[in-house]
Amino acid sequence: MSDQELAKALMQEGLVTLGQVQEAAQQRGAGKSLGDVLVAMGLITKEQLAEYAPAEPAGKGTAVDLAHIKIDTEALMLVDRETCVKLQFIPLGVQGGTLRVAMANATDLPAQDEISRVTGKRVEAVAATIQQIMEVVNRCYTSAAMSRAADAASATVGSAGIDNVEDVQELVDQAPTVRIVNAILEEAVKQGASDVHVEPRGDGLYLRYRVDGVLRPPRKLDKPMQAPILSRLKILAGLDIAEMRMPQDGRFRLTLQGRQIDFRTSSLPCYHGEKIVLRLLDKSALKAELSDLGFLPEIGKLFEELVMRPQGMILVTGPTGSGKSTTLYAALNRCKSETKNVVTVEDPVEYQLEGINQTQVHYDIGLDFATQLRAILRQDPDVILVGEIRDRDTAEMAFRAALTGHLVLSTLHTNDASSAPVRLVDMQVEPYLIAASVIAILAQRLVRTICKHCREPYEPSSLDLDRIGLTPTDAAKIKFYHGVGCNNCGHTGFAGRLGIYEVLVMSEPIRKAIFAGATTMEIRRLAVTHRMRTLRDDGLVKIAKGLTTPDELSRVLFEFLDEEADAAEAETAPPVVAPLAAPAPG
């Protein structure tokens, strides 16, 4: 990247001004780049320079790809993060008296001398890009900090002894315990985890992070660390550390890595001690636009049109953790305006949205969904979000609101869109209310996306294809990809998630069928006849686009089609490798 291109990129991001660039250009001497001068002036950091001007590695031989190299923890312990950033290197491994490192400039002998002085080892340098080096430094030194804090805390606890709650309280306040808990939370944010499981077992305390919807293999801490770590987490969340027999819930907020993170905390007494689960809520990571959720263009356009309707009920269905709340928040963000009164009732309020009146239920004082909804209807609302329809009272209030000129958005726990009307009837909601109020039902799942750093073509097995109902004829038209695993994705082959969707738009035949007491399968056949793209179809399109894998699709789908429904799909649905026109709104 040229100096001119770098200056343009940094100014577009607001990191420097034109005057500062001109001043840096005047100070630039022979052999120095504009980026080096900006760093020396303190206007940008080396990490920012690496991000906006990734340099080619300098040195002998071919550059190593750090994404596929396992970093030795012993080597990381020899030097701190600040030295790595300053000298632009990362330790790779130790063999005898030699430390192998990757450097942005593998011919920088003064830097190698400094590394040798700090570590007491001979240095063997290989070249790598500064961008990769900084990525690995940021990732590895969080884990290394946790290891050092755990060792220090374990030594402190081991020498102290624990006899009662007062002993635990004293250990909780000591620096090693505070550091290890901070390192656990920072690691969760660094990995992009949605949940942290802190699990006491017979031989130690285990940490498991849920990343992209899947729990990663655990990290073990020494058993003496169990009491102080659990107590520290309970204190942060405002829980009673003396109460170990009853489940408790709490919440706390921390600023980590420049982001404000809310932690919802739940404790559960188990055989080996209390298990604590932390749910991370990061507003900066909230996908507040419908276009960010993974809708195919025609489905996204259809759903956007639906959420702009002036009245009616839109239901979003799926199991826990399928992204329903995120979809509803994005829908509210799309339809809100200064000319509309948008009100929500949630349990709990997960993210705070600008320009929306959000309320929360409190069961301990009798304020449930139905009670809160009655109050909201006296507030002159235009759009109402009901966090979840759980019972008949809430359902009837929500449906009557949809009948009387309000747009109502809510969620329901069903496997697919066609099951929602039958589930509501089971909750004793009158079929005529469902048929008259509902304008659309969106079902969704979240699938992991293939890591772009280790993505490569492959041939899935016949079993993988059978599990998603893909015929050999259709499979022959698709080029399949998967991730082989690398440091960027934690060797899982996946990085990030996107949604797969089906939208059932209420047509007159479907309304009549619901009113007549149709079964889930009958509603499904009618919807497919009207060219509804099913969850499976949407997933197959995303496989064909190289975004996810057959195995991942089969992991999240719970569709059970009888032969007749399957045949109806085959006759009416378009090919999975070709785009599909959106169904016409009912």
Side-chain angles (χ1 to χ4, degrees), residues 302-303 306 309 311-320 322 324 369-370 373 384 386-445 469 501-538 557-573 583-586:
L302 170 63
F303 189 65
L306 290 166
R309 297 279 185 92
Q311 70 180 74
M313 168 78 76
I314 298 176
L315 292 171
V316 180
T317 75
T320 301
S322 59
K324 300 187 297 296
F369 275 106
L373 191 50
I384 303 171
V386 182
E388 183 182 349
I389 294 179
R390 298 179 177 178
D391 53 55
R392 178 184 177 183
D393 289 345
T394 305
E396 289 195 347
M397 287 295 299
F399 278 100
R400 294 190 186 281
L403 277 177
T404 55
H406 308 90
L407 178 66
V408 180
L409 310 177
S410 190
T411 69
L412 197 64
H413 282 277
T414 62
N415 281 339
D416 57 19
S418 309
S419 303
V422 177
R423 171 72 181 118
L424 291 167
V425 171
D426 288 343
M427 294 168 62
Q428 299 183 339
V429 180
E430 294 293 339
Y432 80 89
L433 278 178
I434 303 169
S437 304
V438 176
I439 58 176
I441 304 168
L442 173 77
Q444 68 178 76
R445 298 287 190 279
Y501 304 94
E502 67 180 25
V503 182
L504 188 159
V505 178
M506 297 295 282
S507 62
E508 193 58 32
I510 294 177
R511 295 184 195 278
K512 290 180 179 178
I514 293 171
F515 189 75
T519 66
T520 295
M521 199 56 66
E522 289 168 344
I523 295 171
R524 183 184 184 83
R525 291 192 194 107
L526 275 172
V528 169
T529 300
H530 286 77
R531 299 181 68 78
M532 177 185 78
R533 187 195 293 273
T534 65
L535 286 167
R536 172 180 167 275
D537 291 335
D538 198 49
L557 275 191
F558 301 93
E559 292 186 283
F560 301 96
L561 308 180
D562 63 15
E563 292 181 3
E564 187 176 354
D566 202 273
E569 269 194 55
E571 290 173 7
T572 59

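This structure is a prediction, so every number in the text was calculated from the model and none was measured. FYI, the numbering just counts along the sequence from 1. As a basis for the values below, the full set of heavy atoms in this structure was taken, side chains included, without hydrogen atoms, waters or symmetry mates.
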Which pairs count as side chain to side chain donor-acceptor pair (under 3.5 Å) when at least one residue sits in residues 398-409, sequence neighbours excluded?
T404-H406
Listed pairs under 3.5 Å, donor-acceptor, residues 431-441 side chains, sequence neighbours left out:
unit_1: S437; atom_1: OG; unit_2: F399; atom_2: O; d: 3.4
unit_1: S437; atom_1: OG; unit_2: L433; atom_2: O; d: 2.8

Who pairs with R423 by salt bridge (Lys or Arg N to Asp or Glu O under 4.0 Å), at least two apart in sequence or on another chain?
none
Given side chains that start at C-beta, do those of L315 and I389 come closer than 4.5 Å, heavy atoms only?
yes
Which heavy atom of V408 sits nearest a heavy atom of A398, and at what distance?
CG2-O, 3.8 Å
Restricting to ring pair (Phe, Tyr, Trp, His ring centres under 6.0 Å), what partner residues turn up for Y501, sequence neighbours left out?
F295
Rounded to the nearest 0.5 Å, what separation is found between the CZ atom of R524 and the OG1 atom of T529?
11.5 Å
Residues A417 and T317: closest non-hydrogen pair is N-OG1, 4.2 Å
Residues which pass salt bridge (Lys or Arg N to Asp or Glu O under 4.0 Å) with R392, listed by chain and number, not counting sequence neighbours
E396
What are the two closest non-hydrogen atoms of L535 and E502, and how far apart are they?
N-OE1, 2.9 Å
Rounded distance [0.5 Å steps], CD in E508 versus NE2 in H530:
10.0 Å
Could I get the full list of side chain to side chain donor-acceptor pair (under 3.5 Å) partners for T394, not counting sequence neighbours?
D391
Indicate yes or no: at least one non-hydrogen side-chain atom of Q311 is less than 4.5 angstrom from one of L407.
no
